[in-house]
Amino acid sequence: MQLSTRYNHKDIEDKWYFFWEGGNYFLPEIKEGVTPFVIVIPPLNVTGSLHLGHALDITLQDILIRYNRMKGKPTLWVPGLDHAGIAAQNVVEEELSKEGIHRTQIGHEAFLERMQEFRERYSRIITSQIKRLGASCDWSRERFTMDEICSRAVIKFFVRMYEKGYIYRGKYLINWCPRCSTAISDIEVEKEETNGILYHILYSLEDGGEVSVATSRPETMLGDTALAVHPEDGRYKSLKGKYAILPLIGRILPIVADEDVDPNFGTGVVKVTPAHDFLDYDISQRHNLDLISVVGVDGLITENGGKEYSGLKVLEAREKVISNLKSEGRILEEKPYLYSPGRCSRCDTLIEPLLSEQWFLKVNEIKKAAIEKVRDGEIIFIPEKWTKVYLDWMENLKDWCISRQLWWGHRIPAWICEPCGELLVQQTEPINCPKCCSGELKKVEDVLDTWFSSALWPFSVFHWPSDTEDLKYFYPTTVLVTGYDIITFWVSRMIMSGLELTNKPPFKYVYIHGLVRDEKGRKMSKSLGNVLDPLALADEYGTDALRFTLSSLNTLGGQDITLRKPYLIHSRNFMNKLWNASRFVISVTKENNGEDLFQSSSNLDIFDQFILTRLSRVVKEANKKLEAFDFSNYIKVLEDFFWKDYCDWYIEIAKLKKETADTSSILRYVLKTILVMLHPVIPFITEHIFHNLYPEEKVPLIKQKWVKEIPISESESSINKVSYIFDAVTALRNIKSLFKIKPDKKISVILHPTDAFEYETLIEGSPVINALAGVQELKITCELDTLPKHTATQVVRGTSIFVNLKGLVDLNEEKNRLSEMLLKLREDLNKIQKDLANQMFIEKANPQTVEDYKLKAMDLEKQVNKIEEIINYLGEDDLETQSNNCKDRW
RNA sequence: GGGCGGAUAGUUCAGCGGGAGAACGCUUGCCUUACACGCAAGAAGUCACAGGUUCGAAUCCUGUUCCGCCCACCA
């Protein structure tokens, strides 16, 4: 294998996934007694393609999985898909409607066949997309929420809850989506601000007089069964117990007093329409009012609404009601009005509150442990702020409407005896009615809310309720990774059902990440047309670059991520950098027994010590960040080290002394460590390079040992010395740049250090200084009787740097430049001196801080003195220097 | 109405009690044979506003203003 000059992801990415999957590297190695690391993927909807949210989700999970696998833990990532009830059915219905067919025309069975076909088609697409992202999940354990194993769990859950009395059926006011033609739960309703009109309508009283009522939905008055006022409302005290006459219809309406009426809203009198409004429904329950449904499941006015309106759409009925009321002179006011009616979260259709027979789960019966385990820290949310969101949510739960009038989903395991009406709920199909012995049993047609099955996902994938080896070994799982948008839909329900059914929290950690937004920070949505396809991005920049981008931007605070192309380009550039540095290292070094550990650590020079010390610190830091789920800093630390310390400095220095064995080993060792540390994020390129670096190695990178620490003793002094040398090099390059000296033009330099440390370090570093700063003649001197005339100057710590620039330096300009420099330094020095002169500071501040301030002040003072000295001497005679007796001086 | 975030360089963000950081962009110079998807040197910020706590505040507290999100029975 040879590495080409430019990194091209297309050449390598396909190959390695095959390699890993074929080599069974994704399967967990079960070790008895060892706690495994387990993630169960948030099941992906079979409704379409992956979006960037999935890409982020999958990347973060894969990082954790690969990291733990390399750490040697038995590691399992279970993949799978969700049948996505309404969403999937909608997609297929749309497909059908393009063929001019409605599902009712082809019937239940044929429609489900169509759904299955769709499901298989999309499963394949989505699975291949997940693989394309590099996800190292165990495909042998792949599950689907509607497969036999998961379905069994769903039935079991339902029956058990029913038997405990936690599930009930009844006619209640629910949210109905007329377009999807099904009930939906409260959290599937989205409130959206809408411009409407608030009408004031005049109702006559039975015994004379009139009262005005405010409403934004006048058509619902057809179903009014009462009026209500607040009990303390002085204006309407006399109305209590009287009757009003419903305009247009003529029905007699009792007037009731109820605490829930807000006297400050509208006129203070409410029309009560219990069958179409949640507040009114509550009032009706308290006052035993009639319920009259005037809107049907089709969204049309029913017969109850009267002949004139029956069959009209809600909005048509509204117009007609208004015009009729107007002709009777009963509209007192029409005011523009901003309100927030509910819309279906799946299709945006206006929700109709309707009376309907549905199934409900009393979540309050099973939530106790789910609250306690989170409060007690047995389940930990990261970032921590989501704990409160979760707990607040859990404290205020209402019964969950779990039935849906769809065809695609888990059928409710309930049968109704046709002759006697007996309801049977059980796991297996009954033969006879136990009450009347009839065999005419009809299975309930409703299906369950999708989330009812995903609530069981962390253990249904392991075949719960069967007590399988997998369930015993892999459950509870370790961490759940997901976005904050489904804490209420999914996370809370998994915790409840997990604790209720298995007595164990389904996971230890809930890692919540942000949402991926477009370049302008907007949510990605089809209607805005700003959805970016992760696969297209992977195609353009490479999967590694995409993963690198997403996880770099994923900060610990869980900020939403604004994905911008420049960052993708940067990531791709980083891949190229990694690629080329590796190419260089491979070309100048040789593999020795697969182990490149430097042999004679005692003989390492300061640069070798420096890079190893930095590596050691970076490895520790990166480990710490990753353990804390701080993905962005884990990557940042490694990227900084690799690009700056390793490539920009160490490799350049290594070029000066290619032939030494230590340097060559260190080059390889550091590279290998970086490959290991970055493999979880960018698996493809690192695996590829690894095989080129170690052609003889049998164990691929995916199974290489994770690096927790570097087995060397860190050398603080090497860091001090080398960063001082680097500062000197930078200062010299700065002068060259300032005076427009061509980079390849060699310069003559005089260095004037002030102490032994500086002197010795400069001597040690002089070959590097010469090479990296392009110095031809370097004098290091402690004697400086007169300063040179044609020089440009810099000061690094206590060292003056003079570059001989005959003819290039304008004396005045140089003076100005140095004066400015001096000004800044003095400013800094003043600040620090002020603090040091402050008795309170000395007494109260941390002693270490005071010490640091003192050192810093000394440093600054040195520099200030140096520059002052130089300014004074500027323009004097050329310097005579000796560089022999410095050693004795300090 | 309640709750939670955010406001730091032109842009996107990190920092969250001791000298203002990164990336991209920008300016200048370099094709120095690993890399121009690169190298080198730079410029760039009253850390939203007003008070307070502290020896010391971008960082903690209070209030204000803008932006975003979540929750709530706006008839």
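So that the names make sense, note that chain A is the first sequence line, chain B the second, and so on, each numbered from 1. As a basis for the values below, the full set of heavy atoms in this structure was taken, side chains included, without hydrogen atoms, waters or symmetry mates.
Using a 3.5 Å distance cut-off with no hydrogens or angles, the side chains of A/T562 and A/R517 do not pair a donor with an acceptor. Side chain to side chain, A/T387 and A/K385 fail the donor-acceptor criterion of an N or O pair below 3.5 Å. Using modelled atom types, one finds a donor on one side chain and an acceptor on the other under 3.5 Å when comparing A/S571 with A/T549. A donor-acceptor contact closer than 3.5 angstrom is absent between the side chains of A/S492 and A/K367. If you check the side chains of A/Q848 and A/D852, you find a donor sitting under 3.5 Å from an acceptor.
Between B/rA9 and B/rA23, the distance separating the two C1' atoms is 12 Å to the nearest Å. Using atom C1' as the reference point in both B/rU8 and B/rA58, the two lie 7 Å apart (nearest Å). Rounded to whole Å, the P atom of B/rC74 lies 33 Å from the corresponding atom of B/rC13. Here, B/rU27 and B/rG63 have their P atoms 46 Å apart, quoted to the whole Å. Distance check on atom C1': B/rG45 versus B/rA22 gives 14 Å, rounded to whole Å. Of the C1' atoms belonging to B/rU62 and B/rU54, the separation is 16 Å, rounded to the nearest Å. A gap of 8 Å separates the C1' atoms of B/rU32 and B/rC39, to the nearest Å. Between B/rU11 and B/rG17, the two C1' atoms lie 29 Å apart (nearest whole Å).
Residue A/D280 is classed as having no contact, given no heavy-atom separation below 4.0 Å to the nucleic acid. Looking at heavy-atom distances under 4.0 Å, A/T849 makes contact with a base. No engagement by A/K824 is indicated, since no non-hydrogen atom pair under 4.0 Å with the nucleic acid exists. Within the nucleic acid shown, A/S340 comes within 4.0 Å of at least one base atom, counting heavy atoms only. A/R733 comes within 4.0 angstrom of the backbone, heavy atoms only, and of no base. Residue contacts shown for A/D640 are absent, as no nucleic acid heavy atom lies under 4.0 Å away. Within the 4.0 angstrom heavy-atom criterion, no nucleotide atom of any strand lies near A/K834. Among the atoms of the strands shown, only primed sugar atoms or phosphate atoms (P, OP1, OP2) are found under 4.0 Å from some heavy atom of A/N734. Within the nucleic acid shown, A/K736 has no heavy atom closer than 4.0 Å to any nucleic acid atom. The residue A/S216 sits close only to the backbone: its heavy atoms come under 4.0 Å of sugar-phosphate atoms, none of a base. Looking at heavy-atom distances under 4.0 Å, A/N838 makes contact with sugar-phosphate atoms alone, never a base.
Here the side chain of A/D260 is nearest to one of B/rC37, B/rA34, B/rC73, namely B/rC73.
Between the side chain of A/E652 and the base of B/rA40, no donor-acceptor pair of N or O atoms lies under 3.5 Å. A donor N or O paired with an acceptor N or O is found under 3.5 Å between the base of B/rC35 and the side-chain atoms of A/K577.
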* When you look at A/D630 and A/N633, which way does the side chain to side chain donor-acceptor pair (under 3.5 Å) test go after all the steps? -> CA-CA 6 Å; A/D630 188 351; A/N633 280 318; 2.9 Å; yes
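The phosphate of B/rA34 (OP1 or OP2) has a side-chain N or O of A/K655 nearer than 4.0 angstrom. Side-chain nitrogen and oxygen atoms of A/R564 include none within less than 4.0 Å of the OP1 or OP2 phosphate oxygen of B/rU12.
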